[in-house]
Every structure is written in C-alpha cells, then in structure tokens.
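Report on the structure given below.
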Amino acid sequence: MQIFLDTADCQEIQKHYSTGLIDGVTTNPSLILKSHRKPDDVYAELKAMGIPDISMEVVEHTVIDMLREAHRLVELFGECTTIKVPCTPDGLMVCNQLAKENIRVNVTLIFSQAQAILAAKAGAAYVSPFVGRVDDNSFGGLCLVKDIAKVFREHMVRTQVLAASLRGVRDVGRAFEYGADIVTMPTGVFEKMYKHILTDKGLELFSRDWEQVKH
Ligand code: G3P
C-alpha cells in the first residue's frame, strides 16, 4: 500500500514527506500551473528532498517529441523519474518504447478497463484511473479501480494500479480495498487520514485524567 501526494506544492510535500509515510509524488500540468513555478524547478526540488518516485507529465504532440522530452527528464532527474503519458495511441507508443528502456511510465487519464489493458500491454509501470472524474460523470470511479485490479490479478500483470483524482478520505481505504497498489491524493485528503472524532475525544479524556495522576 503506497501513498503518493498529488500536488506540485513543494512546501506541503516536504512537510508530509518528513512523516515517513509518503512514497512518491504525482504531478500534472494543472498542478504545476497552480504552483506558479517551472516544471523542472519543481522536479529538482522534489529530487533534492529525496522523493523516490515523481510522476512528470510529457505533453508534446508527436511521439518523437514526447520521447525526446522523456529522455531529457530521465537524463536530468535520474532514478526518481516516472514519465507520465496520456492513454492515447501516441502515448502508448511512447510508453512501449520507454518500457523497453526500463524507464517507469505512468499512463494517465484512464477512464475504462479497456484503456488500462492497453496500457499494461504497452508495459506501463502504473495506470492511473481517475476515480473522482468518473464519479463526477455519474459512474462508479471505485468500481473502475476494482475492475482493473481484478483483470490485472487474474492475468498476473505486473502493471500497478495507481488510483488518482480522489476527492475524499473514504475513497482512499476503498481504493486499496478494491485492489489499488498506490493511491495518490491531495495533501488535504492525506491530512484527514489521521483524523477521527473519537481519537480527539479519547485523547482529550486521557490528557485530562493524566493531569491528575502524573505526580
Ligand atoms: O493525478 C490526477 C489528478 O491530479 C486529477 O485530479 O482532482 O483534477 O480530478 P482531479
């Protein structure tokens, strides 16, 4: 069960990475835009922090350009680089080539089991089903995770299921329960994973009682 943070906010990532509970980071063009920084500057800071797995999206329009950008990123950032490509014919061609070179690829924008099957065939290290965006369109986002994980298990596929676009803490447990290997989430969702009202109430009571017995 690996937990990734889905953000390009380095300060937030540093705060949570220091807990020892975070295994990686996923970024995308929208998250980079929100950080008001250049993508390479964000990746460089994350690498310097020691993040072992950083998804970096390539958005060029041709296979040649996507491959060129992927190789540039791997050259610059090394082992921590995971190349993120969309689930399109070109994206999967790039995935196929990079997988042959032992470069990790995260195939993103997955909205169906069929797309996940193609990405696995292309040698993806990860497929990213977008749970929340499926739910936004009135389908079962978590069922998608379940369907993909089931078919991968039955066929002993090595590609891992990385559940993305999660909207709430409840989805995290469910995604793992349904077979996700990795769940990526905004920092707000990660913070809520610690929280339970009964923990707060219990702690309050124990602290009060401790005051009376400690001396
Ligand atoms: O990792 C994909 C994720 O960033 C998309 O999330 O909330 O924009 O659907 P969202």
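Every number for a ligand or one of its atoms is a count from 1 in the order of the listing. For reference, positions follow the sequence shown, starting with 1.
- Sorted by first and then second residue, the ring pair (Phe, Tyr, Trp, His ring centres under 6.0 Å) pairs involving residues 157-200 (not counting sequence neighbours) are H16-F190, F190-Y194.
- A donor-acceptor contact shorter than 3.5 Å is absent between the side chain of E12 and the backbone of D9.
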Per-pair distances, ligand 1 N/O vs protein N/O, less than 3.5 Å:
unit_1: ligand 1; atom_1: 1 (O); unit_2: D6; atom_2: OD1; d: 3.1
unit_1: ligand 1; atom_1: 1 (O); unit_2: D6; atom_2: OD2; d: 3.1
unit_1: ligand 1; atom_1: 4 (O); unit_2: D6; atom_2: OD1; d: 3.4
unit_1: ligand 1; atom_1: 4 (O); unit_2: D6; atom_2: OD2; d: 2.6
unit_1: ligand 1; atom_1: 4 (O); unit_2: N28; atom_2: ND2; d: 2.9
unit_1: ligand 1; atom_1: 7 (O); unit_2: R167; atom_2: NH1; d: 2.6
unit_1: ligand 1; atom_1: 8 (O); unit_2: R133; atom_2: NH2; d: 2.8
unit_1: ligand 1; atom_1: 9 (O); unit_2: R133; atom_2: NE; d: 2.7
unit_1: ligand 1; atom_1: 9 (O); unit_2: S165; atom_2: OG; d: 2.7
unit_1: ligand 1; atom_1: 9 (O); unit_2: R167; atom_2: NH1; d: 3.2

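- Cluster membership for M185 and F4, using ILVMFWY side-chain heavy atoms within less than 4.5 angstrom, is not shared.
- Counting only residues at least two apart or in different chains, salt bridge (charged side-chain N to carboxylate O under 4.0 Å, His left out) contacts with residues 178-194 comprise K15-E191.
- Checked by atom type, the side-chain pair T82/N106 shows no donor-acceptor distance below 3.5 Å.
- Residue pairs satisfying the ring pair (Phe, Tyr, Trp, His ring centres under 6.0 Å) criterion with at least one member in residues 120-150, sequence neighbours excluded, are listed as follows: F111-F130.
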